[in-house]
Amino acid sequence: MQVNDNKDFQPLIVAFCCNWCSYAGADLSGTNRLNYPTNVKIIRVPCSCRVNPMFILRAFQRGADGVILCGCHPGDCHYTSGNYFTRRRMTLLFSMLDFLGIERDRTRVEWVSAAEGAKFAATMNEFTEAVRKLGPNRRLEDLRCRKQ
Amino acid sequence: MLRISADKLDSLFEAIAAKQALYIPADREDGEAEYKKYVSGMKLTSRLNTLRSAKDFFFPQTEDIVEFRMDGKKIEVNDIRKECEDFVIFGVRACDARSFTILDKVYLVDPVDSFYKNRRDHGTVVTMACSRPAETCFCQTFGIDPTAPEGDCACWKAGNYYYFKANTEKGQVFIDSIAGLLEEGDTAELDSTVARTREIMKKLPLANLSTENFGGDKLNEYFNSDKWAELSESCLGCGTCTFVCPTCQCYDIKDFNTGNGIKRYRCWDSCMYSDFTKMAHGNPRLTQLERFRQRFMHKLVYFPANNNGEFGCVGCGRCLSKCPISMNIVKVMKALEDK
Amino acid sequence: MQKAMIERAKQLLADGTVKRVIGWKRGEFAYDITPAVFETADELDRDFVFDDFTAANVSKYLVKESRKEGKVLAFLKPCDTYSLNQLTKEHRVDRDNIYVIGVPGGPKLDIEKIKAKGITGITNVRNENYTIKVETIYGTEELPFYEAIMDKCASCKSKKHVTYDELMGEEGDVLDSNRFDMVEKLENMTSQERYDFWRSELSKCIRCNACRNVCPACTCENCVFDNPKSGIDNKAPADSFEENMFHIIRAFHVAGRCTDCGECSRVCPQHIPLHLLNRKFIKDINSLYGEYQAGADTTSKAPLNEYTTDDCEASIVHERGVE
Amino acid sequence: MNNDTLIPYVGVVTDIRIDTPDVKTFRVEAPEGGKLFEHMPGQCAMLSIPGVGEAMFSITSSPTNKEFMEFSIKKCGCLTEWLHAMEVGQMITVRGPYGNAFPVETELKGKDLLFIAGGIGLAPLRSVINYVRDKRENYGDIQIIYGSRSKDDLVDYQEILNEWMTDDGVEVDLTIDNAQEGWDGHVGFVPNYVKELDPSINKTVLICGPPIMIKFTLAGLKELGFKETQVYTTMELRMKCGVGKCGRCNIGNKYVCKDGPVFRFDQLGELPDEY
């Protein structure tokens, strides 16, 4: 994959955001009129822990080029410990994707609190840029789902 | 008889592949053989047969049937069938060649399956006689002669030559197309090779396996046999036997939402799976016993009942070597006969 | 050993300690051995076998057998006892209804490896001082024992039985195995090389589900891949994505619960090294969350069922290894 | 290339009638109007909503109806839930007709007929009943015994009241499982009701309903003196192809989709008990 020659490529990013912190953070970045790419599609989940590894894979199947999971900061989970489990789970999953040769920059976990609107926008900008450099997801895509 | 010397086999393959797609059984890294599309330099495998059967060519594991575009309440149906291109499969063993006639009895009877027929029409099957059968071989049980295989065109390796004989019109066309490379030769060496193979076949451990106690008339006797519980108790319910089997022909039809339409595809299914007969209101085959029984009853009783006594097994021995728990049709036949 | 096992099983049947015996049954040839349940002394005498080919792990059958009336005797090799312990921990078996006799482990022979050497027409296989004599209808062939052992035995992790009611033969130790070597080798490849490696392996998958169905850790009543409401019950490897998805999820679902018994790779008709996926998870768990061997005991919490507040962040994946 | 049986037609749902709390009857026409294909009473068709699933349903309208086909469908699974959620104008895909039919033009001709149905089991028989009513001269007396859990669960109740009951030579006996306000008819299970009514044993019987009802009714009929060769039923198993190739709907060596769904009881008796 050639890096840097994807200037026109606009990656599709799926962001799973926990209802209590990160989704509110995304809201805040919106009300503060902060810019982040329009091709970030947010899916609200009750807790980052709700995200099953299958969700991540299916996002890639359906055309995502990068998947980011946002939750409360460790220690701040609305359900006390959900994000701690998420952390272990996603570490192992991302490690496995890396093991299978899927580019590791396509996945990320980021903790964003309800007050961190700026961090949310910055994270999305940064992540989108990282994925854009990688180019379209080819290694974990479902050819049947490719737009004709 | 027409023949070609072994050192010219590559040029023969080149000549065939220049006109149409050619598939030959070739070695894989892990020591197994599988059919691969011929590219220059590819060699025939030394293994007796391929891990997967040759049915894939006519009945692939998955194929798209039809596409739907959904728009509100409207549905548009797109027939996505395309005319298949001509191809040659070289080196099909006698057992697999017979499996095609068995599949034909399912897919080419009314209503004809156009997907299967399309491939069948465009494929030329060149069979290869066996000379070194394995202990798991029992094709003779089903009246198959591995020294005189069916198929459009048969091929024998004897000494330093490959001999060819057409069995069908399509096979004759094939031979005519490569006639420039073939030469006439006597068959003394071939005859002695065939005779030697026939002697070996008598020594095979399963040479005495017989079908005389099986057939359509045994339906109730075997269906109610108390042997099934014991035979099926360690069955994992996986689909290995059905997927490596050259005659297993069951399929499932499923829809896949691609996000820009619905693809309806069909894929191999296995009667060993728990959802094979599952309906909204229940399942007539609730335990592995019934599913296991279905597979073997189908091959040994139901199929002959519907097809003038022809059995739904060709004795290729794949299930004997691939079943994770080594339960197979030979053990079932022997257990059922043992009253 | 086989004789002693049959005798002991007959005793336990006769004195009413157990009602059934789970073990291995001889087959048509020297190598095609089937796990089986025996109920009488006659059956044991006639069919029970324990030799170089009894590699199958019978502990998963105990999920069903231990729920039946009456105790069941299970002969378990060291690796099988780990599986049973794990099943006990997850309340999938009724341990009180199982009488475990620990029997020595492998290395067991892999007939596929013998056949891959071009040996065919096999009528008998004998082990003479770790030289295998393979009798075939084409003559006798010889090869060193260790060239034909199961992959899972070649990287054996333990010769110790972690649960038993009685032991036959000598007890072994947990071994310092080389089982992570291949995982490490892959980790040290580039991402493109790893991708190519797994594509060539996983593209062989025919989705027969043997790896799932044999796995002692896969005991869900209804698998997500069979559930029509899950949206992923696609049944066939219709696209390369399906192959990746199935194997990632299969391995992930047993992460932290997989005892590394190696059955998945043993049963794969296409010889896909599926155990490498499981071992990758085990290796990661060991290095990130502390050494953990599933099935070593029946009380500890699985690594994915607990956490510490100072666990590493997922970004660790980005920070280590080869790009 | 010829049209393949696996490639469906598109049909439009032009009317939806709510029969009972869990049964709706859908009227299906070709997009250009008229029927998608001709069929005989007892035959089935594969209905599908792409992306949801495909399943076999018996065609409940009579072949004598030249304008449309009808399907009475009970909500019991994934696909039927979707079908029930449809609105008029929705397109679905249809392929068929599949299977054999009740022998209305051969063995049943000239005979006195006794229809016995339970619950949604009336659906496949309705096609025959209306066919026979439309060709009245070819058949003898008609008796219909139909039972359901409650009055609300009687399928086609209005049609039964307004058309069948008013016909000459058609006797309709209704029953419900438990007494209910507003019901002054018979109360009790179908098998017992059949015995109470004691129909003439010269009649040919067509029966459809839940397996348990069929089992007890058949036993009752035999007690009354009916022979197995006089009784027809229609079967249902999981189907995918509809043409006897996908290999799952077999009972012994017979495929329900191709050799069935209509079987005479003496034929069923020769097959293994796996349905």
Side-chain angles (χ1 to χ4, degrees), chain A residues 1 3 48-49 52-63 67-71 73-77 80-111 130 134 137-146, chain C residues 183 186-187 189-199 201-202 224 230-232 234 238-242 244-249 251-253 255-256 276-281 283-285 287-289 303-323:
Chain A
M1 180 67 53
V3 179
S48 57
C49 187
N52 179 317
M54 203 101 79
F55 291 13
I56 310 268
L57 297 183
R58 292 194 76 186
F60 282 118
Q61 178 182 31
R62 302 282 151 167
V67 180
I68 182 166
L69 173 54
C70 302
H73 282 271
D76 293 345
C77 177
T80 318
S81 57
N83 52 3
Y84 286 123
F85 291 110
T86 309
R87 188 158 67 178
R88 282 202 168 188
R89 233 178 255 164
M90 291 305 140
T91 307
L92 290 182
L93 177 69
F94 294 173
S95 177
M96 175 54 73
L97 292 179
D98 178 44
F99 188 60
L100 290 172
I102 316 299
E103 304 93 333
R104 57 182 74 159
D105 287 338
R106 291 201 189 277
T107 47
R108 186 179 294 191
V109 173
E110 203 69 56
W111 311 124
L134 284 175
N137 163 33
R138 289 285 174 261
R139 293 185 182 174
L140 199 56
E141 78 165 335
D142 193 319
L143 279 178
R144 296 170 297 180
C145 296
R146 200 189 269 195
Chain C
V183 177
L186 280 162
E187 284 172 346
M189 291 179 177
T190 65
S191 143
Q192 180 70 45
E193 284 168 339
R194 280 197 299 272
Y195 178 74
D196 294 341
F197 172 84
W198 282 112
R199 213 64 305 285
E201 290 295 345
L202 294 181
V224 67
S230 70
I232 52 158
N234 286 329
D239 188 273
S240 63
F241 177 85
E242 294 278 349
N244 287 335
M245 163 104 125
F246 178 78
H247 290 290
I248 294 172
I249 298 298
F252 195 93
H253 196 202
L276 293 178
L277 297 175
N278 298 338
R279 280 191 186 157
K280 169 66 178 166
F281 279 128
K283 185 168 178 287
D284 277 346
I285 288 168
S287 66
L288 299 174
Y289 309 122
L304 280 174
N305 290 352
E306 60 171 359
Y307 62 90
T308 63
T309 50
D310 51 2
D311 279 342
C312 60
E313 293 293 338
S315 56
I316 192 161
V317 175
H318 297 250
E319 288 149 17
R320 51 166 206 188
V322 182
E323 188 55 57

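When reading the values below, keep in mind they use all heavy atoms of this one structure, side chains included, and skip hydrogens, waters and symmetry mates. Here is how names work: the chains are called A, B, and so on, in the same order as the sequence lines, proteins then strands, and each is numbered from 1.
- Of the listed residues C/N305, C/I316, C/D196, the one with more heavy-atom pairs under 4.5 angstrom with chain A than any other is C/N305.
- When heavy atoms are compared at a cutoff of 4.5 Å, C/T309 approaches chain A by way of both its backbone and its side chain.
- One distance of note links CG of A/L57 with CZ of C/F246; it measures 13.0 Å at 0.5 Å rounding.
- In terms of the side chain to side chain donor-acceptor pair (under 3.5 Å) criterion, residue partners of C/R199 (sequence neighbours excluded) are, by chain and number, C/E243, C/N244.
- Closest heavy-atom contact between A/T91 and C/A314: OG1-CA, 3.4 Å.
- Heavy-atom pairs under 4.5 Å with chain A were tallied for C/A255, C/A238, C/C312; the largest tally goes to C/C312.
- Taking CZ from A/R144 and OG from C/S240, the interatomic distance works out to 9.0 Å, rounded to the nearest 0.5 Å.
- Checked options C/D284, C/D311, C/L288; the residue passing with A/R88 is C/D311 (criterion: side chain to side chain contact (heavy atoms under 4.5 Å, CB included)).
- Heavy atoms of A/P74 lying under 4.5 Å from chain C belong exclusively to its side chain.
- With a threshold of 4.5 angstrom between heavy atoms, C/V224 approaches chain A through side-chain atoms but not through N, CA, C or O.
- Separating the NE2 atom in C/H247 from the CE atom in A/M96 is a distance of 12.0 Å, to the nearest 0.5 Å.
- Both the backbone and the side chain of C/E306 have a heavy atom closer than 4.5 Å to some heavy atom of chain A.
- With a 4.5 angstrom heavy-atom cutoff, A/L69 does not touch chain C via any of its atoms.
- Chain C forms more heavy-atom pairs under 4.5 Å with one residue of A/G75, A/S81, A/S95 than with any other, namely A/S95.
- For A/Q61, the parts lying under 4.5 angstrom from a heavy atom of chain C are both the backbone and the side chain.
- Between C/Y307 and A/Y84, the ring planes are parallel. Angles under 30° get that label, and only those over 60° would be called perpendicular.
- The residue among A/E141, A/R108, A/M90 with the most heavy atom pairs within less than 4.5 Å of chain C is A/E141.
- With rounding to the nearest 0.5 angstrom, the OH atom of C/Y289 is 5.0 Å from the CG atom of A/L92.
- Once rounded to the nearest 0.5 Å, the distance linking OG of C/S230 with CE of A/M54 reads 6.5 Å.
- Shown here are the side chain to side chain contact (heavy atoms under 4.5 Å, CB included) partners of A/D76, two or more places apart in sequence or in another chain: A/C72, A/H73.
- In this structure, CZ on A/R139 lies 15.0 Å from CH2 on C/W198, to the nearest 0.5 angstrom.
- A/D142 contributes no side-chain N or O that, together with a main-chain N or O of C/F241, makes up a donor-acceptor pair within less than 3.5 Å.
- Within the 3.5 Å criterion, the main-chain N or O of C/L304 finds no donor-acceptor partner in the side chain of A/R89.
- Ranked by heavy-atom pairs under 4.5 Å with chain A, the first of C/I285, C/I248, C/L276 is C/I248.
- Minimum heavy-atom separation, C/H318 to A/D105: ND1-OD1, 3.2 Å.
- Contact count versus chain C (heavy atoms, under 4.5 Å) is highest, among A/F94, A/W111, A/F99, for A/F99.
- Put simply, of A/L140, A/T107, A/I102, the one with the most heavy-atom pairs under 4.5 Å next to chain C is A/L140.
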